[in-house]
Amino acid sequence: MNQMSGGPKPGFTPTQGQYLAFIDAYTRVNLRPPAQADIQHRFGVTPPSVHQMILTLERAGLIRRQPGASRSIEVLVPPEQLPVLEMPDQPVKTSVPRY
């Protein structure tokens, strides 16, 4: 959602928006939601940080999960209200030697 449009602001923080955008994009590309390890790898955070964010998003009503089921995260925010997924700050690693 364009923040400059004058429309209603989303009910999540910029960081939460990035998590939501990642979960949505990952699900669309891979046809299944990400595991917490996938989220941890993407954002470069610890497993407890990912778990806490998942709980926060769930309590806020932004996602839904099925108890006891892995990879069951469902984003409840309409895709048009999600922010653009930003590129990670990590440099791209390559196996090509530099000259």
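On a predicted model such as this, the values are computed, not experimentally measured, just so you know.
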* Asked: Rounded to the nearest 0.5 Å, what separation is found between the CD1 atom of I23 and the CG atom of L82?
  -> 10.0 Å
* **Check: R71 side chain, P33 main-chain N or O, donor-acceptor pair, under 3.5 Å** => yes
* Mind checking ring-ring contact (aromatic ring centres under 6.0 Å, His included) for F22 and listing every partner two or more places apart, or none if nothing turns up? => Y26, F43
* Measure the CZ-CG distance between R42 and L85 for me, rounded to the nearest 0.5 Å. => 4.5 Å
* Asked: Which atoms form the tightest heavy-atom contact between A21 and P83, and what is the distance?
  -> CB-O, 3.5 Å
* Dump the intermediate steps for side chain to side chain contact (heavy atoms under 4.5 Å, CB included) on V75 and T27, then the final yes or no. => CA-CA 9 Å; V75 176; T27 302; 6.0 Å; no
* **I73 side chain reached by L57 side chain, heavy atoms, under 4.5 Å** => no
* Asked: Nearest 0.5 Å, what's the CG-NE2 distance between D38 and H41?
  -> 8.5 Å
* Structure fact -> dist I39:CD1 -> Q18:CD (nearest 0.5 Å) comes out at 13.0 Å
* Determine whether L55 and R65 make a side-chain contact, defined as any pair of heavy atoms from C-beta on separated by less than 4.5 Å. => yes
* Asked: Which pair of heavy atoms, one from S49 and one from V45, lies closest together, and at what distance?
  -> CB-CB, 3.9 Å
* Which atom of M53 lies closest to which atom of T15, heavy atoms considered -> CE-CG2, 3.8 Å
* side chain to side chain donor-acceptor pair (under 3.5 Å) against E74, all qualifying residues, sequence neighbours excluded -> R64
* Asked: Rounded to the nearest 0.5 Å, how far does CD of Q81 lie from CG of L76?
  -> 11.5 Å
